[in-house]
Amino acid sequence: MAAYPHHDIEARWQRFWADNQTFRTPTVRNGLDTSKPAYYVLDMFPYPSGAGLHVGHPEGYTATDILARYKRMRGFNVLHPMGWDAFGLPAEQYAIQTGTHPAITTKRNIERFREQLQALGFSYDWSRELATTDPDYYRWTQWIFLKLHERGLAYLDEVPVNWCEGLGTVLANEEVIDGKSERGGFPVERRYLKQWVLRITEYADRLLEDLDGLDWPTSTLEMQRHWIGRSEGAEVDFAVDGHDATITVFTTRPDTLFGATYMVLAPEHSLVAQITTDAQRPAVQDYVDETARKSDLERTEGKEKTGVFTGAYAVNPANGAPVPIWVADYVLATYGTGAIMAVPGHDVRDYAFAQAFDLPIVEVVAGGDLSAEAFVGDGPHVNSSSEYVSLDGLRNAEAKAAMLAWLEASGAGRRKVNYKLRDWLFARQRFWGEPFPVVFPEDGSGPIVLPESELPVRLPETGDYRPSGTPEGPLAAVTEWVETVAPDGRPARRETNTMPNWAGSCWYYLRYLDPKNADKLVDPAEENYWMPVDLYVGGAEHAVLHLLYARFWHKVLYDIGVVTTKEPFQKLVHQGMILGEVEYTAFRDEAGAFVSRDDVAETEEKDEMDKTIWRASDGRRVEGVRVAETEVEKKGDGFVLKSDATIRVEARAHKMSKSRGNVVNPDDVVKEYGADSLRLYEMFMGPLEQVKPWSTRGVDGVHRFLARAWRLFVDGETDGATKLSDDAPTKEQLQALHRTIQKVTDDIEAMRFNTAISAMMEFVNAATKWGALPKALAGPFVLLLAPFAPHMAEELWHRMGNTDTLAYAPWPETDARYLTSDTVEIAVQVNGKLRGTITVAADASKDDVLAQARAHENVAKYLDGAAVKKEVFVPRRLVGFVV
RNA sequence: GCCGAAGUGGCGGAACGGUAGACGCAUCGGACUUAAAAUCCGCUGGGGCACCCGCCCCGUACGGGUUCGAAUCCCGUCUUCGGCACCA
C-alpha cells in the first residue's frame, strides 16, 4: 500500500539524525548558547514492558515532538529527552517464573522500546537517556531519601498497611481499588508493619496553594485539591464520664456542638477498650473483631450503618449534657482523630445512624424538616445556649466564629485544619526497586542511615526473587547482601524493603538536565537555564499520584536549594486514550434468538471482560456477538440490524486489550504506512486531550495525503525528477501559502494539531489543482510539514537541493500582505436568518456594503415593504437587517 | 451520591456570539484501464418547491431563556466518559 517510498526515506533520515547527532543539546557548561530562549518539553517516561510499544504511547510523544521540532525552528534551545521508568513488578514476576535477573529483562525491553521509538522519528536527545534502574541514577534517588530523612520527612512507623497475600507484598492506599489490588485484583487485608513513611502532609498547604499558578487541566487541579482535602474546623475535647480520659473530635461544624446527641469512636480507637462498660464489653469486642476481619471493600459496601453502644458517656463541653459513646465503622480511624461528635440533625451520615439506632435528633439550625432528613444548609441557630455560651439567632458563619472563640477561650477546643492527605507509605516488599540506604545493627538499636559516601547501595546481582510470603521482601533471603556492617563497625542487616515505583519518577525530569553529573544531582547552571518544564504531556491516570509526589519532592529540593522553582511542571496536558476500532455487538439468547440492546442488563465490573449480561425481562443469560458494519444501519439514536430493525445493537469502541484482541501494534502500522503516516494520523484523529477510537481507514486517509504531497514534488514514474515549477507564484498561490503558514503556526502554538493538518491538506488540494507547485512555495510548505512528517520533509528538502537538515531551518514567516484578499464574501441576514451572500471589496465602507446587500435580489424580497428597524454591520463578515 | 469533562451528518471531527458540518473516512457517480488496483474529477445532514442560476422549511442530546442573530452565553433535564466515594 506504499504510495511513496517511505521505507527508504524513513530509514535514511533516522540514520542521518543518529549519525549527525542532529538533536543533541549540549549542556550549559559544555557550550550551549544560552542567549537563546529555553524550551523544555517532556513526555512522561514509559515503563518498558515486555509487550513493547502500544499505539497509545506515540500519541503524546508525537505531540511533544511536533512542539520540539517547531520550537527548534523558531530559534529555541529545546530539551526533549526520553528515559525509562524501569523498576516494577512485571520484570520481577518474570524473574520469579524464569530465574532471569530483572536487570537482564529490563535491558532487553529498553532496547526494544528504544528501537521502536527511534523508528517513529522522534527528535529525542538520546545522549541524555536515563533509566531509574541504573545505579548511577538511583544513587541520587537514595541521596534524596537521605535528605528527606535529614529533614525529618522520612520516618519508620508501625502503620496499618494493605497486605496483599496474592502479590506477597504491601500496597499503597492508592494501589488498592475496592479492597483489591489494582494490579491482579487480589484481596487485600490490614496488617500492622514497621515501614518507611514520608511526611508529605507537612507540605499539604504548599501543595495546595501552589496549584494556583499552574497551567494544568482543571480536572487534574480539582483532583489534587480533593486528594489533599483541606478542611477547616475545630478540635473539641469531650471528657469521659467516670474515666480519666478525654475524647478529642474533629469537626467542620463546631457551630452545631449543641446538637451533638451522641459520639462515635472508630473501632480501632485506642480508648474503646478502656471506656467500655462490663455489660457492653462482649458486644463491643465482637463488633471490633468483626470489623478488623473485614476488608475495606466489605466495610464500605454495606451502606446501612452498624455500631454498638459502649455504655460510656461523655460530657458535652458546651452545656454539660451527657452524650452516649458508640463504636461504629462509619468513622474512620485514619481521618481526623478517629472519633466524631455526631450531630444527626445536621449531618446526613449521623442522621442515618441515629435513625437506625433510635438516637435523639435535635434541631440546632432552623430551616429544615428533621422528620424527613438532616438539614445541612444555612439558617439561624436554635436550642444553642447554655450558661457558658449562646449561638441562638446566629447564622452558620457567625455561629462558627462565636463557637470557635468560646472553645479557645474556655480551653475546650481549638481551631484545626485537617487534611485527607495522609503520609506516604514509602516501602515495598519487593526485589526490583531502589534499596534504602539504611542498615539495622544486629543489637536491635534503631536504624542507621548511611552516609552519602556509601551511595549507591546496589541491588544484589543474584537472588531468589520470590516473595517470602511474609511481610519481609525477597531481599531478606539474599544473605550475603543483607549481612553487612554499620558505619561504626557493628554487624548489621540492611533494610530489605525497597522504594516504590514512584520514587524514580519523582525527579527524573531534573536528571535529564545533567544526566552524567557524578558529583551533583543536577548542576545549578543547568537547572537555572532549563527549569521549569515548559510542557509536560502524559496520561490522566497520573493526575494525582505521580504528579503530587513529584511536586512534593520538588518542594523539598527547593527547600534545600537544589532547584530554584517552586513547581516542576508549568504546563500539563493529558493525551486522551486511543480506543480500538468501533465494534458492533448484537445480543442473542441461549436459543440463538436476537435480543435488543434495550432488553440487556449487565453487572458493573471494573473490567469489561468480567461482566455478565442477561435479558432484563426474564433474567436469562445472553451473549454478545460481533456483527460486521455492513450488517447494521443507523436508526434513531442508535444502530439496528439490517435484517431486523427491531433489534438494536451496541456500537462502541472499547479499550484496547489483549483479551478483546483489538490491540493495534504500531510496528505493523509503520511497516504498512510508514512512521510519518502513523504520526500524522494520531494527530489528525481529533483533539489531543480527547478519547478517540482508532480507525485503520483513517490512517489510509492521511497516508494518501502524504502521497499527494509527495507527488507535488516528485514524479512517480521516474522518481527523483522534480516536478516543481520555476514560475513566479501568483498572488492567489501566495495567499494560499501564507494562510496555511498562519493557520499551522497558530494551531501548533495552541496544540490543535488536527486542524493544522487540515490546513496543510487544503493547501495540497489547492496545489494539486494548480498543476505545478512553484518552487517559491514548495520550500516553506516543506518546513511547515516538517514537525509532523519529518522524514518526508527532510527528503523533499534534500531533493530541493539543500545539503543540511531542516531541523534548524527558520520557521516560515507569514507575510501580512497575503493574508487579506481584495474581496470578501459577506453574509446578509434579515431578522437573523441568512437570505443571501454578496461579494464586496475588502475595504468597502459600511454604506456601500449595506447598499449592495439591499440590492441583493433575495434580500430585497424580504425587505420589500418592511420598515428596517436596525442595521447590523460586522466588517468583512456579515450585515443584518431587522425589520 | 459528589467533583470534572463532553453530547454536532453513516463515522472521526471543524466552526473569535455572525454563512453549521472545514478536513478526513465511508457511500454513490464519472474519467483513465481489456479489467482491477492506484490516481484524478464530482455528489453527499433531512424534507419540499424548482429541476437553469436557484429558493423555502427543519436541523448541533432535550426543555426554556438572553440576543437582530446561539453548537457557542444563562437556567433546568437526560445520557456518556473520567475521577472520588461513610473524609466528620
Base, sugar-phosphate, or nothing for Asn765(A), non-hydrogen atoms under 4.0 angstrom?
sugar-phosphate

Base, sugar-phosphate alone, or nothing: which one does Val883(A) contact when heavy atoms must sit under 4.0 Å apart?
nothing

Touch check for Gln829(A), heavy atoms < 4.0 angstrom, all strands: base, sugar-phosphate only, or nothing?
base

Considering residues, nucleotides and ligands other than Gln742(A), do more than 12 of their heavy atoms fall under 6.0 Å from its CD?
yes

Taking any heavy-atom pair under 4.0 Å as a contact, classify Ser231(A): base, sugar-phosphate, or nothing.
sugar-phosphate

Counting the atoms with a prime plus P, OP1 and OP2 as sugar-phosphate, which does Arg877(A) contact under 4.0 Å by heavy atoms, base, sugar-phosphate, or nothing?
base

For Lys870(A), answer base if it contacts any base atom (sugar-phosphate contacts may also be present), sugar-phosphate if it contacts only those atoms, and nothing otherwise; contact means non-hydrogen atoms under 4.0 Å.
base

Indicate, with a heavy-atom threshold strictly under 4.0 Å, whether Ser758(A) touches base, sugar-phosphate, or nothing.
base

Spacing of Glu541(A) atom CD relative to rG4(B) atom P, expressed in whole Å
22 Å

Do the numbers put Lys305(A) on top of the ring of Tyr330(A), so that NZ or CZ is under 6.0 Å from the six-membered ring centre and no more than 45° off the axis?
yes

Under 4.0 angstrom, heavy atoms only, what part of the nucleic acid is Pro687(A) near: base, sugar-phosphate, or nothing?
sugar-phosphate

Need one value for Asn754(A): base, sugar-phosphate or nothing, where a base atom within 4.0 Å counts as base even if backbone is also close, heavy atoms only.
sugar-phosphate

Nearest whole Å is fine: how far is rC55(B) C1' from Lys861(A) NZ?
6 Å

Does a side-chain N-to-carboxylate-O contact under 4.0 Å join Arg835(A) and Glu857(A)?
no

Assign Arg835(A) to base, sugar-phosphate, or nothing according to its heavy-atom contacts below 4.0 angstrom with the strands shown.
sugar-phosphate

Atom pair distance, as rounded to whole Å: CD1 in Ile826(A) and P in rG69(B)
20 Å

